[in-house]
Student: 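Take a look at the following structure, please.
The figures here come from the full heavy-atom set of this structure, side chains too, leaving out hydrogens, waters and symmetry mates.
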Amino acid sequence: MIEETQESAQAARPEDADPDVQALRARFGGAVLAAREHRGQIAVELASSALPEAARFPRDERGFKLLSYVAGVDRLELPAEHRFKASYALLDMARAKRLRLDVPCEDDLEPRLPSVASVWPGAASHEAEAYDLVGIVFDGHPDLQRILTPEGMEGHPHRKDFDVSAEPVEFTFRETPKGKPEAKE
């Protein structure tokens, strides 16, 4: 009885009935690791080996022409198999529908993923940000380098184990512009 209830609950999950999820499953089979719906948005977890082709498929065949962002995520204290993942937020403007692709990095010590900058040129800056802040290396990126942190900085400040007190903060002061009141102590 409990098994029937669980099976009927799984069959009724909105993400399983979603035509985009069904199309991804039909095309990529076991590379679609999971799908879930939260607050009306579908998220599909993909194997990293399928990422380059799986990035083209929603764009070319499902209408998701816009990549809103790529975010690197550190799940250090969450019950996840792999520590790091990248999330790719896609938008189909004709249907006003969003789809998120979550791709876990298989190596927790040196997280790497294939770059999708050849699919969406705008992904290059988002991938550089994820590299800079979280430390995910995007193989095939046209110019992967730090873009937000100071030159020579060690570590990645959005990692959960980054010690924020270990990085010295340099303060600079500028003179008060002419015509502006002086600060008083």
Student: Got a salt bridge between Arg27 and Glu61, using NZ or NE/NH1/NH2 to carboxylate O under 4.0 Å?
Tutor: yes
Student: Can you name the closest pair of heavy atoms from Val70 and Leu67 and give their distance?
Tutor: CG2-CD2, 3.8 Å
Student: Side chains of His156 and Phe162: does their closest heavy-atom pair fall under 4.5 Å?
Tutor: no
Student: Determine whether a donor-acceptor pair (N or O, by modelled atom type, separation under 3.5 Å) exists between the side chain of Arg159 and the backbone of Val134.
Tutor: yes
Student: Identify the two heavy atoms, one from Leu101 and one from Ala54, that lie closest to each other, and give their separation to 0.1 Å.
Tutor: CD1-O, 4.1 Å
Student: I want to know whether Tyr88 and Tyr69 have ring centres closer than 6.0 Å.
Tutor: no
Student: In terms of heavy-atom contacts, does CZ of Arg75 have more than 12 from other residues, nucleotides or ligands at under 6.0 Å?
Tutor: yes
Student: Decide salt bridge (charged side-chain N to carboxylate O under 4.0 Å, His left out) for Arg25 and Asp16; before the verdict, give the C-alpha distance in whole Å, the side-chain angles of both, and the deciding distance to 0.1 Å.
Tutor: CA-CA 10 Å; Arg25 282 192 167 130; Asp16 291 331; 3.0 Å; yes
Student: Kindly list each side-chain donor-acceptor pair under 3.5 angstrom involving residues 36-49, sequence neighbours excluded, with atom names and distances?
Tutor:
residue: Arg36; atom: NH2; partner: Asp102; partner atom: OD2; Å: 3.0
residue: Glu37; atom: OE2; partner: Gly40; partner atom: N; Å: 2.5
residue: Ser48; atom: OG; partner: Glu106; partner atom: OE2; Å: 3.4

Student: Looking only at non-hydrogen atoms, find the nearest pair between Arg95 and Phe64 and report the distance.
Tutor: NH2-CE1, 3.4 Å
Student: Considering residues, nucleotides and ligands other than Lys65, do more than 12 of their heavy atoms fall under 6.0 Å from its NZ?
Tutor: yes
Student: State, yes or no, whether a side-chain contact exists between Leu99 and Leu24 at a heavy-atom distance under 4.5 Å.
Tutor: yes
Student: Heavy atoms, side chains only, cut-off 4.5 Å: are Glu53 and Phe28 in contact?
Tutor: yes
Student: Between Ile136 and Cys105, is there a side-chain heavy-atom distance shorter than 4.5 Å?
Tutor: yes
Student: Where the side chain of His141 meets the backbone of Glu127, is there a donor-acceptor pair that is under 3.5 Å apart?
Tutor: no
Student: How about Pro52 and Val119: do any of their side-chain heavy atoms sit closer than 4.5 Å?
Tutor: no
Student: If you compare all heavy atoms of Val103 against all heavy atoms of Leu113, which two are closest, and at what distance to 0.1 Å?
Tutor: CG1-CD2, 3.6 Å
Student: List the residues meeting salt bridge (charged side-chain N to carboxylate O under 4.0 Å, His left out) with Lys97, not counting sequence neighbours, and say none if there are none.
Tutor: Asp18, Asp20
Student: Under a 4.0 Å threshold between the charged nitrogen and the carboxylate oxygen, would Arg83 count as salt-bridged to Asp74?
Tutor: yes
Student: Heavy atoms only: give me the nearest Arg98-Ser68 pair and the separation to one decimal.
Tutor: NH1-OG, 3.6 Å
Student: Can you find a heavy atom in the side chain of Leu90 that is under 4.5 Å from one in the side chain of Trp120?
Tutor: yes
Student: Any side-chain heavy-atom pair from His82 and Asp108 closer than 4.5 angstrom?
Tutor: yes
